[in-house]
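Values below: all heavy atoms of this structure, side chains included; hydrogens, waters and symmetry mates excluded.
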Amino acid sequence: MVSKRKLSKPDASGENSKPDLPKTKKPRASDKEKASAQGGLESEGVFEELLRTSGIILKAGEGQNEIAVDQMAFQKKLRLTLEKHPTYPGVVKQFISGLESHIRDRNQFKNCLLPCAPVRTEGSRTLVHSYCESLIKMLLGINILQPAVITLLLEKIPEFFFDVVGTFGTNFPRLIVNQFKWLDGLLDSQDLVKKLMQMLSVSPVPIQHDIITSLPEILEDSQQSEVARELGCLLKEGRRLTVPILDALSRLDLDAELLAEVQQSAMTIVPSVKLEDLPVVVKFILHNVKAANAVEVISDLRKNLDLSSCVLPLQIAGSQKKLKSQVQTSSSTSQVTTSQNCVKLLFDVIKLAVRFQKDVSEAWIKAIENTTSVSDHKVLDLIVLLLIHSTNTKNRKQAEKVLRSKIRLGCMPEQLMQNAFQDHSMVIRDFFPSILVLAQTFLHAAHPAIVSFGSCMYKQAFAVFDSYCQQEVVSALVTHVCSGNEAELDIALDVLTDLVVVHTSLLMRYATFVKTILDSTQKLNPCQIRKLFYILSTLAFSQRQEGSYIQDDMHMVIRKWLSSTVPNHKQMGIIGAVTMIGSVALKRNEGDGGSSERPEPNFERDGQLSTLLDLVGFCCEQTPEVLALYYDELANLIEKQKGNLDLQLLEEFGKSLVEDFPTDFVVDLSPTVTGSFLFPVKPLYNLDEDESQGAIAINLLPLVSQSELGRVTDGTNNPSKRVVSPICLSPSFRLLRLYTGEQNNGSLEEIDALLGCPLYLTDLEVEGKIDSLSKQEREFLCSLLFYALNWFREVVNAFCQQQDAEMKGKVLTRIQNITELQNVLGKCLAATPGYVPPPATFDSEATEGGPSVNAVGAMRKKNGRKKKSDGSKASIADRSQADESSEGNQPDTELSELEKTAVEREAGNPLAQLQSYRPYFRELDLEVFTVLHCGLLTKSILDTEMHTEASEIVQLGPAELYFLLEDLCWKLEHVLTPGSTRRVPFLKERSYKDIGFTHLRQRSPKEVAVCVVKLLKPLCNHMENMHNYFQAVTQNQGVVDEPGVNIQEHQMMSSCYQQLLLTFRLLFAWNGFSQQENTDLLRSALQVVADRLKPGETEFLLLDELISESFQYLLNFQQSIPSFQCAFILTQLLIAISEKPMAGWKKEKMALLAKQFLCRSWVKPNGDQEKGSQFNSALHTLLCVYLEHTDNILKAIEEISSVGVPELINSAKDGCSSTYPTLSRQTFPVFFRVMIAQLESSVKSIPAGKPSDSSETQLEKLLQWNIAVRNFHILVNLVKVFDSRPVLNICLKYGRLFVEAFLKLAMPLLDHSFKKHRDDVQGLLKTLQLSTRQLHHMCGHSKIRQDLGLTNHVPLLKKSLEQFVYRVKAMLAFNHCQEAFWVGILKNRDLQGEEILSQASEASETRDSEEDSAEEPSEQDEEEEDEEEEEEEGQGAAGSGPAP
């Protein structure tokens, strides 16, 4: 209103003066009647008149204003008219007043703000351009009108503050602000911008949005920085203007400092910005990334970018879908769509940056690579790696390498991938080609975690993508199966099995693809055939009509196999037939309720099934191995589908088979057995001696004799007579007991007499007799023992879950019988080289039975068996050690190769020797381990029920406990994959990995883990018993009164302790605990352990508190650890428990524990020091744990090298360090390797020097490097004393790596700190000179010795030493001291410093070596000259060649 008042006075004065105008102009304008006629209206029409005369025709209503001349001509004519007007400058105010009056009408105002239309007259061509600016914009281009028009427009904006602009409405504020864009000449841009910023502070958000986005087109270059700072401040204050502000800033030319400041402001709002604004913020940050700070910016961005906010609406929608009673509202649907679209836009922004900005792609990979903590990895990381792999071909290999590394280290768990696929399927769908390529590649990998990740990628892609992707996934899996590669084949079949279970109807669409695998079955082993037929039969019988063509093909293939004379084909036919039987039985069971109206197809199918069963029975009659396989397959089917089988159908095919058992194998017990046998028959192991009437026995020895004789006279047997073989004894009984249990709801009362009945064996007192027996007799005895052991194992499997006290006692006795028989068998096998036992598992190929038993001669048999033992019992440490060893610190081949020979010496235990015969023993079921609940159960306790003699004690003693725990550990190791790393078996061993785990394979890892968690309470009891036993031994100071008895007992208890710890470690190191669905299981496991420390207080503890309590409980066992292997496994167990991640106090405890174990003398009960490859391997890992968890690794290394090693040097030949008793001459290479490797690893964590570092920071880094170089010098000089080949090899390898790390990280620091800290730099280089000179001597020594393993390291080492010389020269030049660099001659010497004459003479003629100094040129004192010589060593090493 102020401006209006100001304009009113000129109007009045104008009116008073206007009567004079006609008088003065009358003589000149006498011929212009129109002008004089309108003179009375001039006070109201100056605006319209001047516009009309200049070429603008104003329109009212909806029509556009028209322009008859070019807009430049209009502006020029109007300006001249105004300037030449007699009342100028008053006429300007009249003109503006007229404009103000004109635009009071909104339609007229809109016409003025919209472009003018050119006047088109009929018959004449217009000279006006087709597009013209608006009237207001043309007026703003006239300097004399500009200030007033700007003021008028800005005063009009508040009128529209509260207008609601509809879909097709006019946004007046936006139109007004647009008039200020791209003006050719602003008289006072500062004033305009100032007014706009003031308007910004009071305007509503929509108008603020329009003003901000228009600023880049309004501002002059000089104003951009100032406005950018104001916008940056505005960005921090509120989140509502994020998008317009960043849009404006991205179009301004900002200096580097301001850009960094604004970028940081944008970065701070990333975590809290609205989802729809997030793509704009990320685009601004990525668009302004520079090469210098790309990694830093991207690292900050990935930390702040949290996709969980995007996931929330999807989860809400998912939960609403699950609620059937609740209909999903349109608002929630739109919310989900918006969320998905925003995430899609976000990744489109990232994709553009990755594709067109090289720095962004590389920096993002580096940022992910630099993230070390498992918990810091996000879904975003995986999606970005897939995006880079898919988008940027140059960085594809690098992205795959990082992804592999992260999977291997456990940083990318499968749960994270599942979240990515399920929550962001729309984004990831675009990367499907890359997903397919990566999954195919990962299935070829050697590391199990990578293989598992690849298989999970297939499953997730099938589950969440469209039909095209599903078809591609199935095709890829079928290709894997048909490739013939053993590892690929197994994984692909497992994936298809999971898919057919979870997505049966989806996979049914692609059944034709899956069916083609039947054409490649020659590459499949029996186990894989079982998986394939399970997949096909599930598809074939899941939907009646659709699956019929698959059924026909399966019937045809099975008939062909069963009719074949090739044993493997018969195996596959039986497995396929039984798998089909299972599917048919399940279908009948499911169809009883809903499909009873269509019985005809069932009858037809039963007819086919009956024919199939008849064919199977006919094929099995004459071949015991095939019949045993049939029994086992049926038994496995009943066990797997327990409770889901049609009992009527089960009786049809099972009854006749189980009725054969008593006829074939059971006889009435009699004092004498008629017949002539190799050994006299004697019933043994009778638990039912009181029951004299109706007693039965297993007719074992006569059957074995008949079988052995039958092998010789096989051709004379009557082919029509059914063969009865002891091979079928255990399989037939297994089928009998599972069939009986299924028919009687788990009750085995009908067959309980078989638990206590005796076996027809012979006198087993073989001590001293075995050598007098013939080879045939020894082999017969071994076979008899194998059959007896397998019978007892199946009996224990059958009755272990019976709750009756008498039955429990008998089961414990049978376990004791097993351990006794194993001792006898061990002695017999030792005296029977070359013996091959009868088969016990029949679903594996003939060549798979026992790789270390078959195909070995009599002379090599013993070694072969022990070698296998190394891979079994003795490899407990090997199996468990690799989990925590970092990849770079694992022992080299030559160190780990010693393991075999050491265990050969240590495998004196008969049970250990039997491990090579594992394939020839029947598998124990998981239910057997419920026996561990029994603890010490004596018959005297059960006397009232059992009426037995109190003197006869049956308990779960050390031997029985060890037997059970060892088998449990084997099972856990097989099925529970560790979380981090795992030593992968060679490819040739993969075909043997499942032998002896047939029943276990029917359970998922989670089911196995649940079983073990239920056993944790008795396992804790047993472990506390061990703890108490060994504490008592320790209190007695280990005095052994009866060496023969106590040493054996001590060893057995120690082995039990070791197996108990290993059981805990295998459970808690399972990678499944990292998955969200298993959190409750982990909590219940930890609760059991923590409850031992705080009974009754653990129910409401948080997971972290449970971990801490469990850690403390297990830590308490350190006081009673009897052997170094136990110490090693306890350390790994504690790391597995606390790795979530490890808190500060736990880290300190781990370091202290590892140090205590290293500083303890490990002596066996017989007084010998522990040693061997197992000891060295465990020592390597423990030393790594100590150095990785200690707070000051450099100090720890220095303590060992400067305290422990000198003590060792001064000790006797077989002595050790007094501070570190584990450090001896035999273990020195282990200590040396770990120390130098950890030293090299630790210096990499010292940040590289920067020019911006303060003097204090530089000094601190120099101090760290001084300590590291001093340690390196000590270690390198130890080679003079310990000059064995492994030590030299280690030193050459890690010496080069240390020098390279020094070049990369320390030299930049020296560049910038040389002038300020010259003495420190000089001392550092002087110390390093001594080490590099010694490295040069090692190179000369290696060449003189002509050791290929050592000389392989020489070229790379010399190259690094040469680079070191020139890098120091560059550092001197950088500090203007290049004249201090000079050339000298370095002689080649051996380890002891003696000159190598042959090379010295040649070197003097042909080569010069450079020698330089890092000194100030003005001070050439003696100390600096010493330092000068330092660099000469590196150049000499690089320049000297091999001896002629």
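Residues meeting the ring-ring contact (aromatic ring centres under 6.0 Å, His included) test with Phe533, sequence neighbours left out: Trp561. Under the rule for a side chain to side chain donor-acceptor pair (under 3.5 Å), the partners of Gln528 that lie at least two apart in sequence or sit in another chain are Glu486, Asp490. When the ring-ring contact (aromatic ring centres under 6.0 Å, His included) test is applied to Phe842, no partner is found at least two apart in sequence or on another chain. Ser564 meets the side chain to side chain donor-acceptor pair (under 3.5 Å) test with His569; sequence neighbours excluded. With sequence neighbours excluded, the residues satisfying salt bridge (Lys or Arg N to Asp or Glu O under 4.0 Å) with Arg530 are Glu633, Asp843. Not counting sequence neighbours, the partners of Phe421 by the ring-ring contact (aromatic ring centres under 6.0 Å, His included) test are Phe465. Residues passing the salt bridge (Lys or Arg N to Asp or Glu O under 4.0 Å) test with Glu923: none are found, sequence neighbours excluded.
With hydrogens and angles disregarded, a donor-acceptor distance shorter than 3.5 Å links the side chain of Glu1007 to the backbone of Ser1004. Under a 3.5 Å cut-off, the side chain of Thr441 and the backbone N or O of Val437 do form a donor-acceptor pair. Without hydrogens or angle criteria, Ser390 side chain to Leu387 main chain gives no donor-acceptor distance under 3.5 Å. Not one N or O on the side chain of Gln470 forms a donor-acceptor pair closer than 3.5 Å with the backbone of Leu507. In this structure, the side chain of Asn419 does not engage the main chain of Leu416 through any donor-acceptor pair within 3.5 Å.
Between atom NZ of residue Lys640 and atom CZ of residue Arg1003 there is a gap of 12.0 Å, rounded to the nearest 0.5 Å. To the nearest 0.5 angstrom, Cys411 atom SG is 12.5 Å from Leu382 atom CG. Between the CD1 atom of Ile365 and the CD1 atom of Ile388 there is a distance of 4.0 Å, given to the nearest 0.5 Å. Interatomic distance, Asn1071 CG to Leu976 CG, rounded to the nearest 0.5 Å: 8.5 Å. Expressed to the nearest 0.5 Å, how far CD1 of Ile529 lies from CD1 of Ile574 amounts to 13.0 Å. A distance of 14.5 Å separates CE in Met580 from CD1 in Ile575, rounded to the nearest 0.5 Å.
Applying the side-chain hydrogen bond (donor to acceptor under 3.5 Å, both in side chains) test to every pair with at least one member in residues 360-369, sequence neighbours left out, gives these pairs: Ser361-Asn392, Ser361-Asn395. Residue pairs meeting the salt bridge (Lys or Arg N to Asp or Glu O under 4.0 Å) criterion with at least one partner in residues 494-505, sequence neighbours excluded, are Lys459-Asp498, Asp494-Lys531. Contacts classified as salt bridge (Lys or Arg N to Asp or Glu O under 4.0 Å) and involving residues 464-481 (residues at least two apart or in different chains) are given here: Arg429-Asp466. Contacts classified as salt bridge (Lys or Arg N to Asp or Glu O under 4.0 Å) and involving residues 503-519 (residues at least two apart or in different chains) are given here: Lys515-Asp553. Within the structure, the salt bridge (Lys or Arg N to Asp or Glu O under 4.0 Å) test picks out the following pairs touching residues 342-355 (sequence neighbours left out): Lys344-Asp348, Lys344-Asp430.
Between Leu278 and Val282 the shortest side-chain heavy-atom distance falls below 4.5 Å. Taking 4.5 Å as the limit, every side-chain heavy atom of His555 sits out of range of all side-chain heavy atoms of Ile558. Proximity of Leu532 to Thr579: side-chain heavy atoms (C-beta onward) are nowhere separated by under 4.5 Å. Looking at heavy atoms from C-beta onward, Trp970 lies out of side-chain contact with Leu1066 at the 4.5 angstrom threshold. At least one side-chain heavy atom of Leu499 sits under 4.5 Å from a side-chain heavy atom of Leu477. Two residues are said to be in side-chain contact when any heavy atoms from C-beta on lie closer than 4.5 Å; Leu386 and Met457 meet this criterion.
Under the 4.0 Å criterion applied to side-chain N and carboxylate O atoms, Arg396 and Glu400 are not assigned as salt-bridge partners.
Closest heavy-atom contact between Tyr510 and Ser467: OH-O, 3.3 Å. Taking both residues in full, the closest heavy atoms of Cys482 and Ser520 are given as SG-OG, 3.6 Å, listed atom of the first, atom of the second, then distance. When all heavy atoms of Val481 and Ala492 are compared, the pair lying nearest together is CG2-CB, 3.6 Å. Residue Lys971 comes nearest to Phe997 through the heavy atom pair CA-CE2, 4.0 Å, listed as atom of the first residue, atom of the second, then distance. The nearest pair of heavy atoms linking Ala420 to Ile428 is O-CD1, 3.4 Å. The heavy-atom pair separating Leu443 from Gly454 by the smallest distance is CD1-C, 3.8 Å.
Checked against the 6.0 Å centroid criterion, the rings of Tyr458 and His480 qualify as a close aromatic pair.
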Are Phe442 and Ser455 close enough, and set up right, to give a side chain to side chain contact (heavy atoms under 4.5 Å, CB included), and what steps lead you there? CA-CA 8 Å; Phe442 286 174; Ser455 66; over 6 Å; no
Give the intermediate values and the outcome of side chain to side chain contact (heavy atoms under 4.5 Å, CB included) for residues Thr538 and Thr497. CA-CA 9 Å; Thr538 305; Thr497 304; over 6 Å; no
Does the pair Met417 and Met412 meet the rule for a side chain to side chain contact (heavy atoms under 4.5 Å, CB included), with working shown? CA-CA 7 Å; Met417 181 184 51; Met412 291 272 182; over 6 Å; no
Please assess Phe431 against Ile383 for the test side chain to side chain contact (heavy atoms under 4.5 Å, CB included), listing each intermediate value before the final yes or no. CA-CA 9 Å; Phe431 314 138; Ile383 299 179; 3.9 Å; yes
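If you run side chain to side chain donor-acceptor pair (under 3.5 Å) between Thr371 and each of Lys406, His377, Arg302, only Arg302 comes through.
No side-chain donor from either of Glu639 and His999 sits under 3.5 Å from a side-chain acceptor of the other.
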